[in-house]
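First the structure, which I've put down as structure tokens, then a few questions once you've had a look.
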Amino acid sequence: MTHRRLPQLLAEARSGVLLFSVTPPKRSTAEERVKEIAEVTLERISGIPLDGLILYDIDDESDRNPQERPFPFLATLDPARYYETHLGAWAQPVIIYRCVGKYEEAELRDWMIRSDPERVLSVFVGASSGGKAVRTGLRRAQELRDEFRPELPLGAVAIGERRDEHLRMLAKQERGASFFVSQVIYHVNETKNLISDYFYECRARGVQPRTMIFTLSLCGSLKTLEFLRWLGVDVPRWLQNSLRHTADPLAESYKHTLDIARDLRDFCEHLGVPYGFNIESVSIRKAEIEATTRLAADVATLLGR
């Protein structure tokens with residue numbers, strides 16, 4: 001049987017999709033070092049049976065949370081340019097995030113027109129708060145895609161912590177989103193509530209549920225825990241306690257993350273919701289990077305790869 005590529009898997013709302021996500025290097029990184037980071041990343045994930053790579057687009061979200069950010073905001077390279085310039089050796093498709101508010105309409109349009117829909121997919125992300133000044137709004141970005149590149153596979157972000165998120169998802173679906181990628185998940189119950197609400201609302205409307213890709217990320221330090229909470233990720237109190245009182249937060253987090261993956265897989269298969277996983281690697285600590293690669297391999301095994 002020929003291996004189906006990511007755009008087809010998502011278009012057919014298949015289960016078992018496995019992705020790996022990274023943030024492009026900081027904008028201040030020397031060109032030679034950027035090249036090295038790209039090569040090391042590709043080498044690291046070469047042994048994992050992935051369906052694709054996600055490249056995040058980072059925006060300053062301090063407008064959303066007035067409290068001091070635990071890690072300073074540092075601008076990163078444009079993910080589309082990083083992919084085109086440094087990741088040519090990556091044979092599988094790539095999902096490029098677009099914080100659309102950062103870009104002029106013409107820039108977004110030109111990028112979409114030259115993207116190969118067999119290799120490039122996208123997730124459009126709106127502004128982090130209602131008061132933020134934007135160059136292109138989310139709705140307008142969706143219109144541009146309809147007008148100039150309707151064949152570009154488009155996804156949307158799902159945030160289980162938001163009220164009525166299943167209704168937002170269906171509205172995005174009506175505007176062209178054919179898959180969803182969640183924010184990092186630590187609270188499995190909230191995620192199951194979202195899956196259930198979404199599934200039954202789809203059924204009530206006679207609409208096919210789209211693939212939900214659950215983002216898993218290890219929390220190897222108390223500083224990372226602090227940052228997750230700053231971002232608005234709901235970490236259950238019992239897990240916060242476990243991470244604070246263990247001698248090895250990374251090992252504790254690893255065990256819990258794998259439990260989440262198993263639980264969500266079983267729940268989605270029971271309901272009949274198409275699902276997948278995205279293993280997020282955004283740490284610069286060697287131990288966390290290696291653990292994340294191991295996690296991706298373990299989740300591949302969970303998916304029967």
Side-chain angles (χ1 to χ4, degrees), residues 5-13 17 19 21 24 52-61 63-64 75-84 93-159 162-183 194 198 201-202 205-213 215 274 278:
R5 284 174 72 79
L6 183 61
Q8 195 182 349
L9 291 170
L10 294 172
E12 294 171 5
V17 169
L19 306 171
S21 52
L53 189 63
I54 288 180
L55 293 179
Y56 286 135
D57 195 7
I58 302 299
D59 200 8
D60 184 0
E61 296 186 22
D63 57 299
R64 190 182 48 76
T76 56
L77 295 172
D78 178 309
R81 214 158 290 145
Y82 180 55
Y83 170 64
E84 288 160 13
V94 64
I95 297 175
I96 294 176
Y97 269 51
R98 279 294 192 218
C99 292
V100 295
K102 287 165 53 173
Y103 305 99
E104 301 290 352
E105 284 190 17
E107 201 178 350
L108 275 176
R109 184 195 63 220
D110 294 350
W111 170 73
M112 285 190 265
I113 288 169
R114 68 170 194 271
S115 293
D116 174 359
E118 281 301 304
R119 288 178 64 88
V120 175
L121 305 86
S122 192
V123 168
F124 288 173
V125 184
S128 48
S129 75
K132 187 165 190 167
V134 297
R135 292 187 171 126
T136 306
L138 182 57
R139 189 72 65 89
R140 180 62 186 138
Q142 291 160 340
E143 287 170 0
L144 287 169
R145 179 228 169 220
D146 285 349
E147 202 178 326
F148 295 101
R149 205 69 165 125
E151 62 275 33
L152 174 74
L154 185 65
V157 175
I159 300 176
R162 283 196 300 215
R163 208 177 143 198
D164 291 336
E165 182 68 355
H166 62 298
L167 301 178
R168 291 175 192 248
M169 288 167 68
L170 278 152
K172 288 174 181 175
Q173 208 167 307
E174 284 168 9
R175 296 200 295 268
S178 58
F179 63 95
F180 296 96
V181 184
S182 81
Q183 183 170 266
L194 173 60
Y198 173 67
E201 187 64 30
C202 281
R205 296 186 190 194
V207 169
Q208 186 191 14
R210 307 307 306 173
T211 304
M212 290 184 72
I213 297 164
T215 299
N278 162 37

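Along the sequence shown, residues carry numbers from 1.
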message: Show, in sequence, the C-alpha distance, side-chain angles and deciding distance for E174 and R205, and conclude whether the side-chain contact (heavy atoms from CB on, under 4.5 Å) test is met.
response: CA-CA 12 Å; E174 284 168 9; R205 296 186 190 194; 3.5 Å; yes
field: All ring-ring contact (aromatic ring centres under 6.0 Å, His included) counterparts of F179, not counting sequence neighbours
entry: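 Once residues adjacent in sequence are excluded, F179 has no partner under the ring-ring contact (aromatic ring centres under 6.0 Å, His included) criterion.
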message: Restricting to salt bridge (charged side-chain N to carboxylate O under 4.0 Å, His left out), what partner residues turn up for E151, sequence neighbours left out?
response: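 E151: salt bridge (charged side-chain N to carboxylate O under 4.0 Å, His left out) contacts with R149.
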query: Nearest heavy-atom pair of P209 and P274: which atoms, and what distance?
result: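 Heavy atoms of P209 and P274 come nearest at O-CG, 3.6 Å.
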query: Can you find a pair of side-chain heavy atoms, one from F180 and one from V123, that are under 4.5 Å apart?
result: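 The answer is no; the side chains never approach within 4.5 Å.
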message: Applying side chain to side chain contact (heavy atoms under 4.5 Å, CB included), can you list everything that pairs with I113, at least two apart in sequence or on another chain?
response: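 Side chain to side chain contact (heavy atoms under 4.5 Å, CB included) check on I113 returns R109, F148.
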Test salt bridge (charged side-chain N to carboxylate O under 4.0 Å, His left out) applied to R210 - qualifying residues, sequence neighbours left out: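 Once residues adjacent in sequence are excluded, R210 has no partner under the salt bridge (charged side-chain N to carboxylate O under 4.0 Å, His left out) criterion.
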query: Can you name the closest pair of heavy atoms from G52 and L6 and give their distance?
result: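 Smallest interatomic distance, heavy atoms only, reads CA-CD2, 4.3 Å.
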message: According to side chain to side chain contact (heavy atoms under 4.5 Å, CB included), who are the partners of R81, at least two apart in sequence or on a separate chain?
response: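 In terms of side chain to side chain contact (heavy atoms under 4.5 Å, CB included), with neighbours along the sequence ignored, R81 is linked to D78, T85, E107.
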- request: Might you point out which heavy atoms bring A80 and I96 nearest each other, and give the distance in Å?
  value: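 What the structure gives for the nearest pair is CA-CD1, 3.9 Å.
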- prompt: Considering residues at least two apart in sequence or located in another chain, which fulfil the side chain to side chain contact (heavy atoms under 4.5 Å, CB included) criterion with P153?
  reply: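 Only P7, P117, L121 meet the side chain to side chain contact (heavy atoms under 4.5 Å, CB included) criterion with P153.
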query: Can any side-chain N or O of S182 pair as donor or acceptor with the backbone N or O of A158 at less than 3.5 Å?
result: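 No, S182 side chain to A158 backbone: no donor-acceptor pair under 3.5 Å.
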task: Could I get the full list of ring-ring contact (aromatic ring centres under 6.0 Å, His included) partners for Y56, not counting sequence neighbours?
output: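 So Y56 forms a ring-ring contact (aromatic ring centres under 6.0 Å, His included) with Y97.
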- prompt: Taking all non-hydrogen atoms of both residues, which atom of R98 and which atom of L108 are closest, and how far apart?
  reply: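 Heavy atoms of R98 and L108 come nearest at CD-CD2, 4.1 Å.
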query: Out of curiosity, L10 CG to S178 OG, how far, rounded to the nearest 0.5 Å?
result: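 Result: 6.5 Å between the selected atoms.
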message: Suppose we screen for ring-ring contact (aromatic ring centres under 6.0 Å, His included). Which residues come up paired with F124, at least two apart in sequence or across chains?
response: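 Counting only residues at least two positions away or on another chain, F124 forms no ring-ring contact (aromatic ring centres under 6.0 Å, His included).
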message: Between D57 and C99 (side chain of the first, backbone of the second, donor and acceptor by atom type, cut-off under 3.5 Å), is there such a pair?
response: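 Pair found, side chain donor or acceptor close to backbone of C99.
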message: So, using salt bridge (charged side-chain N to carboxylate O under 4.0 Å, His left out) as the criterion, who are the partners of E12 when residues are at least two apart?
response: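 Applying salt bridge (charged side-chain N to carboxylate O under 4.0 Å, His left out) to E12 gives R4, R14.
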field: Residue list, salt bridge (charged side-chain N to carboxylate O under 4.0 Å, His left out) with K172, at least two apart or on another chain
entry: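 Partners of K172 under the salt bridge (charged side-chain N to carboxylate O under 4.0 Å, His left out) test: none.
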- request: Kindly state each residue pair satisfying salt bridge (charged side-chain N to carboxylate O under 4.0 Å, His left out) with at least one member in residues 114-126, sequence neighbours excluded.
  value: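 Matches after skipping sequence neighbours: E84-R114.
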For residues 137-144, run the donor-acceptor check on the side chains, cut-off 3.5 Å, and write out each pair with its distance to 0.1 Å, sequence neighbours left out.
{"residue": "R140", "atom": "NE", "partner": "E105", "partner atom": "OE1", "Å": "3.4"}
{"residue": "R140", "atom": "NE", "partner": "E105", "partner atom": "OE2", "Å": "3.0"}
{"residue": "R140", "atom": "NH1", "partner": "E143", "partner atom": "OE1", "Å": "3.2"}
{"residue": "R140", "atom": "NH2", "partner": "E105", "partner atom": "OE1", "Å": "3.3"}
{"residue": "Q142", "atom": "OE1", "partner": "R175", "partner atom": "NE", "Å": "2.8"}

